[in-house]
Protein chains: 2
Amino acid sequence: MDSEKKQIENKAFTEECNAVLMAVSDALYAIGGKWKLMIIISMARGNKRFTEIQRQVKGISARVLSSELKELEINGFIIKKVAVGYPVTIEYELLPYSQTLQEVVEAMTKWGMQHRQKIKTESSLDKSKN
Amino acid sequence: MDSEKKQIENKAFTEECNAVLMAVSDALYAIGGKWKLMIIISMARGNKRFTEIQRQVKGISARVLSSELKELEINGFIIKKVAVGYPVTIEYELLPYSQTLQEVVEAMTKWGMQHRQKIKTESSLDKSKN
DNA sequence: CGGCATCCAAATAGATACTG
DNA sequence: CAGTATCTATTTGGATGCCG
């Protein structure tokens, strides 16, 4: 391969790489962070109330949950529904757009499970060495 | 559906949800954050040198890249190779384990691209309204 | 080139108390 | 129940200088 051709290929390669990086960066901006995916997962299982979600998403504080829900609403993943009455009941619902995350969630879940398995195997190997 | 059956189903549902949440939480712990996936993507395209990676992963500082590379090495995704000589050359290489992230990366890339498209469409709609 | 050390600013998040 | 307010502690990260 002559060096001119190499340069052209490298350029295309770099551009493809940049496109992928930009996409992943966009994705991380919207759904990155410790909580957003977990909240969506919990809601996809039917949790709608603030306290329900907080109970299932272990470790999240009310303050953080509150601000995450706001961001998810702004970004079109969920909607907050306030039903008048005594007492007022507030429910959060997934919007169709959050369905588009299904593949991402599935891939992460699958990977997370096999990763946990790997860690477990490694730590039991460590033990058997001692 | 009687309430006993409902409770049993709810319990199974909650447990499945917890399993998924735990998996995703594990995954986020290992590969979450702003940079890790991006570094792996850049390396998968052939970038091996510190400065190369820094150039391609826009916005990352040397200090942060350095610490991220260390974590990636500890977690078995990459290996640091030091070639003696003048000057010493240092290269980072992906280990086979990082191949297991391919599905995750693909899903995130795909989603990120369509998300960017959605944002662009929305903002051009906004403009046409004014 | 591939970092590490230091200092400092900003963002993030926990704890606690409080409200309608 | 569904949050908000406040305060503080911790984490994170940028800037800079230095080193072999």
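The shown structure was predicted, so the numbers you read here are calculated from the model rather than taken from an experiment. Proteins get letters first, then strands, A, B, ... in listed order; numbering begins at 1 in each.
None of A/L94, A/L95, A/I40 except one satisfies the side chain to side chain contact (heavy atoms under 4.5 Å, CB included) rule with A/F77; the exception is A/I40.
No side-chain heavy atom of A/N18 sits less than 4.5 Å from a side-chain heavy atom of A/M22. Using a 4.5 Å cut-off on side-chain heavy atoms (C-beta onward), B/M43 and B/K48 make no contact. In this structure the side chain of A/I39 never reaches within 4.5 angstrom of the side chain of A/Y92, judged on heavy atoms. Under the 4.5 Å side-chain criterion, counting only non-hydrogen atoms from C-beta, A/L28 is in contact with B/M108. Contact annotation: the side chain of A/W111 approaches that of B/T100 to within less than 4.5 Å [non-hydrogen atoms, C-beta and beyond].
For A/K81, the NZ atom is loosely surrounded, since the number of other residues' heavy atoms within 6.0 Å does not exceed 12.
When rounded to the nearest whole Å, the span between CG of B/L65 and P of C/dG3 equals 8 Å. Distance B/R49 CZ to C/dG2 C1': 9 Å, rounded to the nearest Å.
Contact check on B/E106 versus B/K110 returns no salt bridge, with no Lys/Arg side-chain nitrogen under 4.0 Å from an Asp/Glu carboxylate oxygen.
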Base-contact (B) and sugar-phosphate-only (S) positions in nucleotides 7-15 of chain C, heavy-atom cut-off under 4.0 Å, - elsewhere: B-----BB-

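Geometrically, B/K118 engages A/Y97 in a cation-pi contact, judged by NZ or CZ lying under 6.0 Å from the ring centre and within 45° of the ring axis.
Less than 4.0 Å separates DNA chain C from at least one heavy atom of each of the following residues of residues 79-92 of chain B: B/K80, B/I90, B/Y92.
Boundaries of the chain A contact region on DNA chain D are D/dC1 to D/dC7, first to last in 5' to 3' order (nucleotide atom under 4.0 Å from a heavy atom).
The nearest pair of heavy atoms linking B/K36 to B/A30 is CD-O, 3.4 Å.
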